[in-house]
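Structure record follows, encoded as structure tokens.
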Amino acid sequence: MAIEHHDYDVLVLGSGGSGLRAAIAAAEAGAKTGLVCKSLLGKAHTVMAEGGLAASLGNVDPRDGWETHFQDTMFGGKYLNNWRMAELHAKEAPDRARELEHWGAVFDRTPDRRMSQRAFGGHTYKRLVHIGDRTGLEMIRTLQDKTVHSAVDVFMETTITRLIKDGERVVGCFGYRRPTGEQITFSAKALVLATGGSGRIYKITSNSQDCTGDGYALAYEAGAEMVDMEFVQFHPTGMVYPPGVAGLLVTEAVRGEGGILRNALGERFMEKYDPKRMELSTRDVVARSIYTEVKEGRGTPHGGAYLDVSHLDSDYVRRKLPSMYDQFLELAGVDITKEPMQVGPTCHYFMGGIKVDADTGATRVPGLFATGEASGGMNGANRLGGNSLGDLLVFGRRAGLGAAEAAGKAGSVSLPADELAAAQAEVDTFLNGSGTENPFQMHKELQTIMGDGVGIFRDREGLSEAIGKLEGLQSRVGNLRAPSNRLDYNPGWQLCREVRNMLTVSLMISRAALMREESRGGHSRLDFTAYSDYWSENNIVTHMHSDGEMVLTPTPVITRDELGALVEARKEAEKAS
Amino acid sequence: MSETLTAGGTRKLQIWRGDLTSGELVDYELETEPGMVVLDAVLEIQRSQAPDLAVRWNCKAAKCGSCSAEVNGRPRLMCKTRLDHLPADQPITVEPLRAFPLIRDLVTDVSWNYEVNKKIPPFTPREDLPEGDFLIDQADTDRMSEFRKCIECFMCQDVCHILRDHRLHDRYYGPRFMVRMASLDMHPLDGLDRIDQIADDGGIGLCNITKCCTEVCPEGIHITDNAIIPLKERVVDARYDPLLKILGRNRRRPGKKKPAV
């Protein structure tokens, strides 16, 4: 039977902010460009970004500039960031923000009618361009409209299950259309993974159901390197009640606008943990602080901390935090202008990801690029709020341009028949094989293992146990089969491959977490509570050995001589305070 | 705390199962947790009782607009509708949107909306703008922002009788895209004269302001009052000014040019 097939110069997988920005850039560079998304266009996880986009425009505080933004990003990332990425991001985010406005995005204004900027954790100056508390939606809609009016073909509700290589080079991919189950292949001279993170490996997560680490697993299986996978950001403030909504994000803008954290005794506990920055400390610190308060018995009735904006003018709260107001009123029956919210940490973001060249988004596999949350390096050990929306614009554009350039240099590509057959066999086994493992069940088990052993605090014992259990799952994963064998809109079929992806990602995270014997940023070890000098200079890079084994290698941080003075100055300033 | 502490308990759901050729409401029963929303219940049924139940969802945070369905006969986001806000003494019915072709179970083919969106020219800055940053009033931002809150759940399209009952998808863009065009036409720096599209291809005249769309908007956008009626006024202003009619002219909109066809 003939399979639907398409040829592109550049094919982008993922239609969140970074994927859309990459597709726009590739098309503008003249590449024949396709965009594949698992869901409908405009539904990507980026819509859930609330607080804003960090760019040192200096509209509100003229002292701001790219150097300070760079330093803040490095400090937030505990100096494990790829320096070049942090530099490019800080330098280019203002232009990307202005460009978005020229494409029709609408942001809140200053009194002198320019883009307004709000305070956010870890940012020295008021820096986040925003519109209320729905900045991500504004960006997605703007990029989506720009995309559909660019020369980009969009394939909605299409799942990609395998990258296809010809020798060392990625030359395309294979998947199926979700509404019909019909198979589809793409050949591409360059392929960009913009597939986001993998929050669904945890039960308590702010992530959308699509965040199943597909790009991480696809890239890893294709031979790419991964970096910093042990660093998972737990956002300090997710809803904790009712159970149905546990994990749902409560934007950092609540604290940016003056929200106060208290424990059950009414103490403003951030005074103990970070008296200088208080509620606007970096996310890793606030998340650990809330966790510790709860663990030590000072939690709220539903096991969180109180987050209070009731001291602020109620009209102001409704105007600046409209979706938070609605969310709590509708889902928890709490009027946040009158009473405090209850909040606790929720898995939010993956600092780690596919290792890329900062300037072009290229991986070490020819023909393969990555960007956005799918890529790693920009955020080091901990991401500052507001830096992901900047990241996806700056590096989305760069990856799109990088891929277009590589495609221009590449000859024609075709999909080897044996690779294609293997890809077909895999999806068919999930549907019609003899397996007995239920993907819904295995997903639940995976989430329990990760929540118990690889959560916000970790130790050798817990990690080892988790790894053992994950290896147990791995021995069963070949036995997955969808409970129904119909082709059209089959959620169990979809989940089979996603569970495999999530399992691969979970193993990367747990093994890297076990290797890093220190506490830094989003990685906290109860048995190694301090910083280590050795680990302060090394990232963990993970790749698949030719025998299929997962190999983890400590690798020196990518530094840049000309930025050394800025980094040292920041370290000195921190010591002095 | 005023949190509604509601016992979970057993609830009955009737979910529409089937495709374009046939289908029916199928009964399900499940144990619920406090605060559960309809989407939780549907997904739990999918996990444990009906693994091939087709349902479209993503964020489960009322931000992506994927999980629109007709719950107890009214369009709602399943992820934002608490079970304990629905009458406990009767089964909860969950059915797909009716304005679009059914794919299967709760999933409909909404691709028509994407085709309409493609026809609307994007924001195009006026040619007479000075160099440098865009200067925009917060008041203009607030006006546009209401429209830009739209999460494209398409529930307004679902209840619009022009689309739902009269099936005039080829003559009217529907409330969603009136909102979209309002956000563009009210952008102080947009340089396109969009009146012809709003009036002709967009078909705004077909709307007879029954406000059904406004009632179901999960974002509380005043679709009829703030988007459609002002656009109707702009059309009238541009085309039917009696004095200009006598002079045989249309009103020109300063700074705006006709879009390239």
Side-chain angles (χ1 to χ4, degrees), chain A residues 39-45 47-48 59 98 101-104 106-109 112-115 131-132 134 136-138 141 145-146 148-149 154 156 179 206 208-210 241-245 248-249 301 322-323 326-327 330-335 339 440 482-484 486 488-492, chain B residues 1-4 6 19 33-37 40 46-48 51-66 80 82 103-105 107 109-111 114 117-118 120-125 133-138 140-142 144-145 148-152 183-184 187 190 220:
Chain A
S39 295
L40 295 173
L41 189 62
K43 307 301 185 192
H45 185 54
V47 297
M48 292 166 77
N59 287 356
R98 287 188 202 102
E101 199 173 44
H102 282 251
W103 292 347
V106 173
F107 297 115
D108 279 331
R109 315 310 292 180
D112 66 352
R113 307 166 76 211
R114 296 187 297 160
M115 280 185 269
I131 177 85
R134 50 161 200 87
L137 175 66
E138 184 67 26
R141 208 58 87 221
D145 286 321
K146 179 75 181 167
V148 300
H149 292 101
V154 180
M156 296 200 286
S206 66
S208 141
Q209 80 142 343
D210 275 349
Y241 187 86
V245 298
L248 194 56
L249 187 63
S323 45
D326 286 349
Q327 181 174 313
E330 186 73 28
L331 297 174
V334 170
D335 179 349
E339 52 187 328
F440 296 104
S484 156
R486 62 187 303 162
D488 58 333
Y489 255 108
N490 184 337
Chain B
M1 303 295 292
S2 70
E3 283 175 0
T4 336
T6 25
D19 54 26
E33 287 182 320
M36 230 182 183
V37 293
D40 290 319
Q46 188 189 61
R47 267 191 287 269
S48 54
D52 62 346
L53 170 60
V55 54
R56 192 184 265 138
W57 69 285
N58 281 78
C59 76
K60 209 172 105 54
K63 291 202 162 60
C64 79
S66 298
K80 210 181 171 183
R82 283 175 63 155
I103 294 178
R104 186 162 67 81
D105 299 345
V107 180
D109 177 1
V110 294
S111 58
Y114 288 87
N117 190 39
K118 272 188 207 164
I120 301 173
F123 169 74
T124 308
D133 289 349
F134 277 7
L135 299 178
I136 299 173
D137 283 337
Q138 183 66 39
D140 284 320
T141 299
D142 291 343
M144 291 183 280
S145 183
R148 298 183 65 88
K149 285 196 305 192
C150 171
I151 58 174
E152 298 201 324
S183 81
L184 291 162
H187 195 305
D190 183 59

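As the structure is a prediction and not an experimental result, all values here were calculated from the model. Keep in mind that the numbers below use all heavy atoms, side chains included, and drop hydrogens, waters and symmetry copies. Here is how names work: the chains are called A, B, and so on, in the same order as the sequence lines, proteins then strands, and each is numbered from 1.
If you measure heavy-atom distances from A/Y489 to chain B, the contacts under 4.5 Å come from both the backbone and the side chain. Only the side chain of B/D133 has a heavy atom closer than 4.5 Å to any heavy atom of chain A. Contact annotation for A/L331: both backbone and side-chain heavy atoms come within less than 4.5 Å of a heavy atom of chain B. Contact annotation for B/P125: only side-chain heavy atoms (C-beta onward) come within less than 4.5 Å of a heavy atom of chain A. The contact between A/D112 and chain B is made entirely by backbone atoms, counting heavy-atom distances below 4.5 Å. If you measure heavy-atom distances from B/R148 to chain A, the contacts under 4.5 Å come from both the backbone and the side chain.
Every residue meeting the salt bridge (charged side-chain N to carboxylate O under 4.0 Å, His left out) condition with B/D40, not counting sequence neighbours, appears here in chain and number order: B/K60.
By number of non-hydrogen pairs under 4.5 angstrom with chain B, the leading residue of A/N59, A/D326, A/I131, A/L41 is A/L41. Of the listed residues B/I136, B/D19, B/L135, B/I151, the one with more heavy-atom pairs under 4.5 angstrom with chain A than any other is B/I136. Interface remark: of the candidates A/M115, A/Q327, A/M156, A/M156 forms the most heavy-atom pairs closer than 4.5 Å to chain B.
Classification of B/D137 and A/R109 as a salt-bridged pair fails, no side-chain N sitting under 4.0 Å from a carboxylate O.
Atom NE2 of A/H149 is separated from atom NZ of B/K118 by 9.0 Å, given to the nearest 0.5 angstrom.
Put simply, the side chain of A/K43 never gets that close to the backbone of B/W57: no donor and acceptor are under 3.5 Å apart.
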